[in-house]
Amino acid sequence: MSASTAADGTPPSQQPPPPTAESVLGLASRDPSAAVPLLPALPPDGLNDLLSSLSPASPPNHFALLPAVLALSPSPTAAAAAFSALLAAPSWPSPTLLAVASLLRDLPAAYRYRVPAFVAKVLSLLPGADAQDLPALAYQLLLLASKPLHPRAVLTGLLRFFGGHRGARLRAPPSIARQVEGTVVMHIAFAVKQDPALAREVVAAVKADAPGTLSGFAVAVLLSVARVRRFNDAAVGVLRDAVITSRRDYRISRLCKWLPDCLKGECTRAANCVEKALLKAVGESIGGREHVVPSIVQVGFLLLEASDNDRREECGSHEGVLSTEEVGVNMLKSMFEIHGMARTEIIEQCKFRILSAKPSQSVPVIRLLGGLVCTHPFQLLEYIAHLKELLDYFAFLNDKISTGLINCILPLTKFSHDLKDYVILVVRKAMFKPEDAVRVAATNAIVELIIMENKHRKNDANPFQDSSSQPSSSQQPETHLEIGGGLFQELSGLLRRCFSQQARVKEALYNGLVQIVTSDPVIAENVLDFLWPHFLNYYTEHAECPLKFDSCFKIESAKVCILEPIDCLLSCISCILQVQQNSKCERPRDAYWKCFGFTPSQDSEVGRLSSSDLFVKALSNTQKYLRKCLAEDQRGQTQETSSLSSHLDTAHCHNFAMLGIIEVFVDFAASKLEKVADEQKEMLEKEILDLIDAHSSFERKTSKNKEKTAQRAGNSSDSTAKQTNGPKEYYSAMLQKLNERRGKFMDSSLYELVRMCVKQCDADNLEKCSQRPSQSKLNQCSNLLSFVLKACLGMFKSLAAKGSGATTGKVRTALYEDVKKLVGLMMQLIWWLMLDSKQENGGTKRNLTQGKKNMDSKKDQLYLALACLKEISKLSVSEDRPGDIIDVLVSSAPPNIEDMVHSSHLLDRNDTDPNTRSSHVFLNILKMLYVRVLSQSLPHESEVVTELIFGISRKLHHGQSHLVGHWAASLCGENIVQNPSIAQEMVKLAVHLMTAPDDLVLVHNMTAELKFITSGDVDSRDSSEAFPVINCKTKNSLAAVFLQMVESSLTELDWVIGKLKAMLALAYDSANIDEDQPADERTQRLYLEEALYYRSTSVVHILSSFAHMSLKDSQAEQFLKQTAKFYKLLARIAKSQVAPKGYKQAIPGHKFQKLAEVTCRMLTAPLYDFVALVQELQNQQASKRGILARIKRESKCIPDLIFQIEDYEKYLILLSKLTKVNLLRHAKRSVARDFQIKSKDEQERNSTPARAASCEGEPEEDAEGPDAPVETNADEDPEDSAHNDNTVEDSKSDEEEERMLARRKRAKTNNVVQDSDEEAEDE
């Protein structure tokens, strides 16, 4: 001691006292680094005192000594007591939290098992920490995660806290909270760049935490991680999948009738949460987070690519849930608005994706570009060069994409003449391309450009027209033409080139000219001047037949080519003349020439008629010729209307052209009905009736020529037919093209035709009551009705297509007003058809044939009327006027219409909601219609009415639609239906409108009845007594419908099992961090489990009925596949009941035990018999040719089914061992199978040994089965029976498990079907 003292040079009296716990703590309060060297000098009791002094109230510097103290191996009891005291404290000050988070990564290895508990404690106390300490806390936790020490728990806790999980929130003003979150995101981004492994943990934590939902903080973190190139795809993929998954879950939850309401609300909340989180990230990227802008743009375009094209009514716009495409569009629009740095990237990405993506994927991008043009036109003027580069590829794009591109860019031409000139230049080049589609797109682009110019001119001219004086108004036409009419004159030379193009290009031109004149009636005369020289090529004024039909068609290589669509040309001229007559503005005669700056001489104008007068004269001559031909045709004096060849295809084209020409003159005559006096009106009506009779005659000729052409194409085998490359296909394509351009009428003309038809039908009804009408009048009325219904159907379809597009405001209002004018009259026609049930078939043989024709005509007219009603109802689903059209439909019905429906089938009449009240009345009307079409066995009409009932019912409350489903179910039990299609639609209507669980209960009852008809036994019946709709003629079609319903139920079960698995993972996670799961989450999980087990039990009952049926080959294969899929789902359910390792195993609920019992008893046992029967039939048919492929296909389903059954029973055995509850009391032992198709000789050779082996193994099989550990009474409580009987001993359970594994291995080994020698020889 003295030596050491001398060496130190310190006298013994001045030696410092030995350190104590108090002195060390006092020094640590000032400088922890100076106190650490004194710790080894402390005695063991001093270390224990130091540990016992630590508490949440201790100074933060004291906790810095803890790693060094633990490294000196203090008393384990003292260390455990110190840790327990810290963890048991209800709250910690913020400095203590920060100090503990800092020391956790430095704990010795022997004490690191304490880290998860402290991490959970720190994360649970984050809501009480001070806001200024949170970034430092997060930084220390990230250092701990990168150690790596429990990175998943750390990252999950941070994401949940800053994401507001379960009500957690930052206690600070919004501005401070945003700064804190931004700092934490910066720390995470820095940590991710330093440690790539941490980046993977971040992506995995976001993906695993709260599936289907995202918080704004999690989105910001992923966008920051996406800036690291290695993890870009994974990070943006999580964001894309979150949006798609939330929309898919919402859509399925809306369609899943048996899902609890709380789960449906949760899916809606999750979809809205994801949308708000993404838009929040976009909004917050402007202040300090500009580094995530490229990631946001990337995510937005990924959402456009993954767009699921949801319709607004399916996505539930009233709940505010946007589709995937709309979310992406909103993100990119917001980025374009608030970030100037992102605009160039967005435009470049639009250009790249339009040029490189598929047409279906380019449509959302074009919609985005069109939205940017409409909302930010001045900002886009800076990117005209980019748009020009895109327009350079106009001729190489898909025709629809190129047309859509021009339409979305055209509004910019108002602000940029350079862009307009470039569009014209691009279109000029495209007109010289050889492809028809490119020329059609170029023609449409020219038309849209002229129409857009007319709109811009009108908008600019309106303010001046209101304040102009009379003298200036007299000069208005000249100024008007000089400003805007010049564009049509400038492009008329380019449009004239279309006259030498194919028929498709000409049709596009004629339709476009009508649109141009409609947008600006002032230039109608210019357009007629443009058309007149071309019209003279197919018109001769003084000839007997003024139209040159021979010049409109030609035959090349046994194919008919349409050179000129003469009917479209006449229709275009007629529409332009009507628009010109209806317009109030008149144009001076010399305005056409004044636009070029000079005036023609008076000599040239003398005696010259205007083009409109010339066209009126030409149409009059053509009309006279038609009258003459019709008169001769009625007398039977004419054979052909022109010098056409007798080629059948040419005759077809001629007949279709005549159909279109007659429609033109019907339209032109109907447009005059409103303006003429009564005497002239009668003459016009007679003329219209004659034209429609001729139209019907040409339709019959077309039908006959079609049969001849098909017969010739089927019998012809010469070289000419071979060169035509399929005359049937060519004729069908030509017929479709000709049909597409027919049936277009002006709205006013169609309204007059419908009114005339109603008048004619009323007159015929009065004549029927007074005396028997003549057959000619009946034919005229029938032809008129069919003609009008076809024309109305075409109009309603076009209006429905316009209404489903992006039409809003005035356009949608105009559509509704046009429809409302026709709806009342159309409903009168429908009632006239439906209520005219007393149709005479004729009492003599002379009248039988004519009566049958009348009946067929009535059926066709009824179908057309109902199709019109279906198209009208589509327009009734509107955001601004939901019940407007339905009100008109209901008001036009007979006053006593509801009295025709049975009182028990009527819906509630006391509904206070005006919208639903009209829907209820309309549903009662549809019920009456449906009963009538059922009584007449009309399959097509029944299908239309079924769609109407389903479309209206699904908009009502579930209780009201449930009543409609019960009404349809009562029809299934009252009506004998032998038409398979009608039976299918009736059953679908009943099942789809019923609420759960009544829907599958009805299916189970029907399949139970179907079992007795398709069983193939001696006791099988021809028809069901409970459901007459099930009989021998409808059994196969109904079995297919029921299998489809099972398939949809399995899809829903698959989705719900995934949601249940996610809920269970959250519950186990809460237990892992010693956090109580909220009561609402536990309640949702219990409700979901109960609904899942109940639905699965219903599916078991249905499949059990199918297991007793004798199904067709294809249906048997489908049944085996669906049953295997169902057992796979059951295995997932049973596996979810097994607690993970380290968690307490819970006893399965009563519903799960009941499901296992019902499955084993009602489905598994009959399935083995069904499989044996299928294999027996396979062995009997194995020697037949042509069915080997089917046998192989079915044989592949059987091994998979057996494997899925045994896999499900494996988890039931595992659950039985863990919970001591016998879940396999009713299980049947499976038979060892080799799944080999054997020939008859091999089967006979092996029959005797197999029978002996089965007899020997029968007692052993009855004694003990591997799938049923202990047989108990079915009525006993499973838990009591398992507890009292000590279900299975450990040794027996191990043996059973080994046998099960061996059986599964054998099934896998023999999964391949082996062919017999005889089959190989046949092949």
Side-chain angles (χ1 to χ4, degrees), residues 138-139 141-143 145-148 151-152 154-156 158-159 162-163 181-209 214-245 274 277-282 284-306 324 327-328 331-332 334-336 338-357 361 365 386:
Y139 183 76
L141 290 174
L142 288 173
L143 291 178
S146 60
K147 184 74 176 174
R152 182 66 60 85
V154 171
L155 295 172
T156 301
L158 290 176
L159 291 170
F162 289 102
E181 290 182 2
T183 307
V184 174
V185 170
M186 182 186 66
H187 289 330
I188 295 176
F190 178 76
V192 164
K193 292 179 181 178
Q194 298 298 321
D195 187 4
L198 192 62
R200 287 189 288 269
E201 292 293 338
V202 170
V203 174
V206 176
K207 188 175 182 180
D209 186 43
L214 274 181
S215 62
F217 180 79
V219 172
V221 169
L222 282 179
L223 292 175
S224 299
V225 174
R227 299 304 301 144
V228 182
R229 181 175 299 179
R230 291 178 57 184
F231 306 104
N232 178 268
D233 295 338
V236 298
V238 171
L239 292 175
R240 178 199 59 201
D241 295 341
V243 177
I244 296 175
T245 302
V274 172
L278 288 171
L279 296 181
K280 179 184 177 182
V282 173
E284 293 180 348
S285 63
I286 194 172
R289 301 186 187 177
E290 286 80 5
H291 66 284
V292 300
V293 168
S295 300
I296 295 177
V297 174
Q298 184 181 3
V299 172
F301 279 103
L302 283 178
L303 293 180
L304 292 185
E305 286 184 357
T324 305
V327 174
M331 290 178 61
L332 294 173
S334 300
M335 291 297 297
F336 191 88
I338 64 180
H339 278 289
M341 58 183 292
R343 293 173 184 171
T344 303
E345 179 65 21
I346 291 175
I347 298 299
E348 283 293 330
Q349 285 291 330
C350 287
K351 182 180 72 173
F352 171 74
R353 294 174 188 275
I354 290 175
L355 296 179
S356 61
Q361 295 178 341
V365 182
H386 297 78

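Predicted model, so just to flag it, every value in this text is computed and none were measured. All residue numbers in this chain count up from 1 along the given sequence.
L198 pairs in a side chain to side chain contact (heavy atoms under 4.5 Å, CB included) with only one of the listed residues (I188, L155, V203, V225), which is L155.
When all heavy atoms of V206 and L222 are compared, the pair lying nearest together is CG1-CD1, 3.4 Å. The minimum heavy-atom distance between A342 and V297, with the atom names listed, is CB-CG2, 4.3 Å. In this structure, F162 and E181 approach most closely via the heavy-atom pair O-OE2, 3.8 Å. Shown here for S285 and V292, the closest heavy-atom pair between the two residues is CB-CG2, 4.1 Å. Of all heavy-atom pairs spanning I296 and A281, the tightest one is CD1-O, 3.9 Å. Residues A220 and R289 come closest through the heavy atom pair CB-NH1, 3.8 Å.
Inter-residue side-chain proximity for E345 and P294 is flagged as unmet; no heavy-atom pair is nearer than 4.5 Å. Annotation: side chain of L355 is in contact with side chain of K351 (closest heavy-atom distance under 4.5 Å). Using a 4.5 Å heavy-atom cutoff, the side chains of M335 and I346 are in contact. Between V184 and L142, every side-chain heavy-atom pair lies at or beyond the 4.5 Å cut-off. Looking only at side-chain heavy atoms (C-beta outward), I338 and V282 come within less than 4.5 Å of each other. Using a 4.5 Å heavy-atom threshold, the side chains of E348 and H386 count as touching.
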I'd like to know whether V219 forms a side chain to side chain contact (heavy atoms under 4.5 Å, CB included) with K280, so could you lay out the CA-CA distance, the side-chain angles of the two residues, the decisive distance to 0.1 Å, and finally the verdict. CA-CA 9 Å; V219 172; K280 179 184 177 182; over 6 Å; no
Determine whether I347 and F336 satisfy the following criterion, side chain to side chain contact (heavy atoms under 4.5 Å, CB included), listing intermediate values before the conclusion. CA-CA 9 Å; I347 298 299; F336 191 88; 4.2 Å; yes
One pair to check against side chain to side chain contact (heavy atoms under 4.5 Å, CB included): L223 and L239. What are the steps and the verdict? CA-CA 9 Å; L223 292 175; L239 292 175; 3.6 Å; yes
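Heavy atoms of other residues, nucleotides or ligands lying less than 6.0 angstrom from CZ of F231 number more than 12.
Within the structure, the side chain to side chain donor-acceptor pair (under 3.5 Å) test picks out the following pairs touching residues 293-304 (sequence neighbours left out): N232-Q298. Residue pairs meeting the side chain to side chain donor-acceptor pair (under 3.5 Å) criterion with at least one partner in residues 184-205, sequence neighbours excluded, are R152-E201.
In this structure, CZ in F190 is found 6.0 Å from OH in Y139, a value given to the nearest 0.5 Å. Taking CG of L278 as the reference point, atom CE of M331 lies at 5.0 Å (rounded to 0.5 Å). Interatomic distance, SG of C350 versus CG of L304, reported as 8.0 Å (0.5 Å rounding).
A donor-acceptor pair under 3.5 Å is absent between the side-chain atoms of R240 and the main chain of A306, judged by distance alone.
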